[in-house]
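Comments concern the structure below.
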Amino acid sequence: MEKKRKLKFPDTAFLLMVIIFIAALLTYIVPAGEFDRITDEETGRTLVQAGTYHLTQGNPTSLVELMSSVFRGLVRASEIVAFVFVVGGSFGIVSRTGAIAAGISALIKKLHGSESILIALIMTVFAICGATFGMAEESLPFVVILVVAALKMGYDPIVGVSMVVVGIYCGYSPGPLNPFNTGIAQGIAELPTFSGIGLRLLLMVGALIIAIFFTIRHGHKYKKENNDNDAILATYEIPEERDLNKTDILVLLTLAATIIGLIFGVVKYGWYFIEISALFFGMGILVGFIYHKTNLEKIALDFVAGACEMTTAAIFIGLSRAILVILEDGIIMDSIVYYLSLPLGKLNNVFGAWGIYISQGLINIFIPSSTGQAVVVMPILSPLSDVINVSRQTAVLAYQAGDGFWNMITPTHSVLMASLGLAKVPFGKWFKFAFPLVLAWTIWVFVVLAIAVIIGYGPF
């Protein structure tokens with residue numbers, strides 16, 4: 001008997017390549033056009049003037065231009081790609097010390113018997129990691145640790161996954177100091193790096209409170225209905241635990257000092273990619289000396305290993321930028337913005353901001369990489385927000401929320417799917433837990449975006 005073939009969602013890289021070919025085809029279909037642009041004397045930003053769209057001579061993509069688009073995309077995104085590699089390599093050194101895992105283990109032992117407080121604290125720690133240095137793939141080693149801890153507390157594996165992954169995205173999505181979504185998106189939108197931090201912090205705190213409530217409620221419900229987790233525990237390879245030592249403490253203090261330095265440098269001196277990458281690289285080298293002493297070869301190998309883990313993200317950035325290269329060279333970028341602005345322009349500004357959020361959530365299904373999505377959508381959202389009279393800062397916030405929060409129900413998101421695989425949780429079972437959470441987050445996002453529109457959420 002012939003086996004039924006299971007439907008498999010296409011890989012992200014494949015989807016991006018398909019979009020590249022579609023973009024090239026669109027240069028033959030969509031009329032070429034442009035908006036007039038002016039430079040804002042106060043901020044130095046290039047702004048699109050609403051009502052100035054006009055048709056112009058087209059430039060359909062040739063075969064040579066199509067075949068060279070990925071190369072040209074990587075070249076144009078070289079600054080972002082370099083930043084991703086340096087930051088990834090630096091945190092590769094930190095993650096290989098095991099200091100964060102040891103710190104979490106110490107926290108679990110300290111708060112044994114106070115499960116709700118423990119869940120709240122661990123999720124807060126991961127939220128801070130997501131909010132500051134954009135922890136994502138680096139979280140995978142902690143999944144099994146927290147799943148086993150959740151089972152020992154009488155909860156199910158979903159609680160363990162939620163403590164790590166949901167916790168991270170409570171901070172990653174609003175990204176007060178996240179270089180991978182906020183930093184890149186604001187750079188493309190010509191906004192000061194990490195500006196508008198107040199409303200991002202408000203979004204983060206609210207999202208974290210909602211997530212903690214959902215996680216604790218789910219855990220308590222499971223505990224009432226199930227009394228014995230020993231059989232489930234036996235199916236996991238329990239990771240080796242070790243006590244927090246002096247080296248771990250020094251590493252964690254260095255990480256904390258780096259975060260404080262990042263805040264100071266950005267707020268006081270307006271640091272951007274070069275300065276931030278220098279700070280992170282310096283942190284990585286210092287942590288390497290703390291952990292490996294004078295073994296420079298091991299420090300270098302840890303850096304390279306961490307950078308290698310960012311290769312997929314870098315390729316996605318190049319493929320994403322290739323789409324923009326074709327749209328820009330084909331002179332249809334402004335045309336797409338114009339046609340998108342027609343329905344959104346008829347909406348109230350608040351509904352326009354909500355529309356951007358929903359659209360980003362849907363786009364996230366196809367481009368789950370935050371950096372890749374930023375490179376694709378922000379060049380479109382920046383002029384679109386000018387046209388529909390929604391601030392660019394609000395557009396960036398809507399993009400981040402749609403990208404990050406919807407990751408929890410996106411089957412194409414690698415971090416989520418890898419975490420569920422490690423935790424042995426079926427996606428369908430996880431979806432039943434995560435979907436109501438994302439709906440609650442969406443209501444909160446709507447509130448924050450409405451506030452952003454009302455107060456004229458600006459660059460500072």
Side-chain angles (χ1 to χ4, degrees), residues 82-107 122 124-146 163-165 167-169 171-172 175-181 183 239-266 271 273 275-314 371 415 418-419:
F83 179 73
V84 166
F85 276 133
V86 172
V87 173
S90 301
F91 280 102
I93 298 173
V94 175
S95 65
R96 278 156 184 77
T97 66
I100 297 176
I104 290 171
S105 296
L107 190 61
I122 289 177
T124 300
V125 169
F126 278 112
I128 292 170
C129 292
T132 52
F133 61 86
M135 176 184 254
E137 288 84 357
E138 300 89 347
S139 66
L140 293 177
F142 306 112
V143 171
V144 176
I145 296 173
L146 269 300
M163 281 192 281
V164 182
V165 182
I168 282 174
Y169 280 92
Y172 190 105
L177 294 168
N178 183 347
F180 296 111
N181 62 358
E240 183 182 347
E241 295 182 15
R242 64 174 176 82
D243 294 331
L244 193 69
N245 56 41
K246 290 182 180 178
T247 300
D248 295 326
I249 293 170
L250 283 174
V251 170
L252 293 175
L253 287 174
T254 303
L255 180 59
T258 301
I259 292 170
I260 294 170
L262 175 63
I263 297 169
F264 179 78
V266 167
W271 286 358
F273 285 159
E275 296 83 1
I276 295 171
S277 63
L279 175 69
F280 285 153
F281 184 72
M283 174 206 67
I285 296 298
L286 180 56
V287 166
F289 277 120
I290 292 170
Y291 187 69
H292 293 302
K293 309 305 179 189
T294 56
N295 194 330
L296 297 178
E297 184 178 4
K298 285 188 176 180
I299 297 172
L301 288 173
D302 284 351
F303 176 84
V304 171
C308 285
E309 292 175 2
M310 297 290 107
T311 302
T312 300
T371 48
V415 174
S419 298

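Because only heavy atoms are used, hydrogens play no part in the values below, and waters and symmetry mates are left out as well, while side chains stay in. If you read the sequence from its start, that first residue is 1, and numbering goes on from there. Values in this document were obtained by computation on a predicted structure and should not be read as measured data.
Looking at heavy atoms from C-beta onward, Leu255 lies in side-chain contact with Phe91 at the 4.5 angstrom threshold. Two residues are said to be in side-chain contact when any heavy atoms from C-beta on lie closer than 4.5 Å; Thr97 and His292 fail this criterion. Proximity of Glu275 to Leu279: side-chain heavy atoms (C-beta onward) are nowhere separated by under 4.5 Å. For the pair Phe281/Phe303, a side-chain contact is recorded, criterion being any heavy-atom separation below 4.5 Å from C-beta on. In this structure the side chain of Ile93 never reaches within 4.5 angstrom of the side chain of Tyr291, judged on heavy atoms.
For the pair Thr132 and Pro179, the tightest heavy-atom approach, listed with the atom from each and the gap, is O-CD, 3.4 Å. Nearest heavy atoms, Met283 versus Ser90: CE-O, 4.2 Å. Here the shortest heavy-atom pairing between Val251 and Val94 reads CG1-CG1, 4.3 Å. Between Lys293 and Ile299, the closest heavy-atom pair is O-CD1, 4.4 Å.
The CD1 atom of Ile290 lies 11.5 Å from the CD1 atom of Ile249; values are rounded to the nearest 0.5 Å. Going from atom CG of Asn245 over to atom CG of Leu250 covers 9.0 Å, rounded to the nearest 0.5 Å. Atom CD1 of Ile276 is separated from atom CZ of Phe280 by 6.5 Å, given to the nearest 0.5 angstrom. Separation of atoms CZ (Phe289) and CG (Asn295) is listed at 10.0 Å; rounding is to 0.5 Å. Going from atom OG of Ser419 over to atom CD1 of Ile168 covers 7.5 Å, rounded to the nearest 0.5 Å. To the nearest 0.5 Å, atoms CZ (Phe85) and OG (Ser277) are separated by 13.5 Å.
Sorted by first and then second residue, the pairs that involve residues 244-262 and meet salt bridge (charged side-chain N to carboxylate O under 4.0 Å, His left out), not counting sequence neighbours, are Arg242-Asp248.
In this structure, the side chain of Asn178 does not engage the main chain of Gly171 through any donor-acceptor pair within 3.5 Å.
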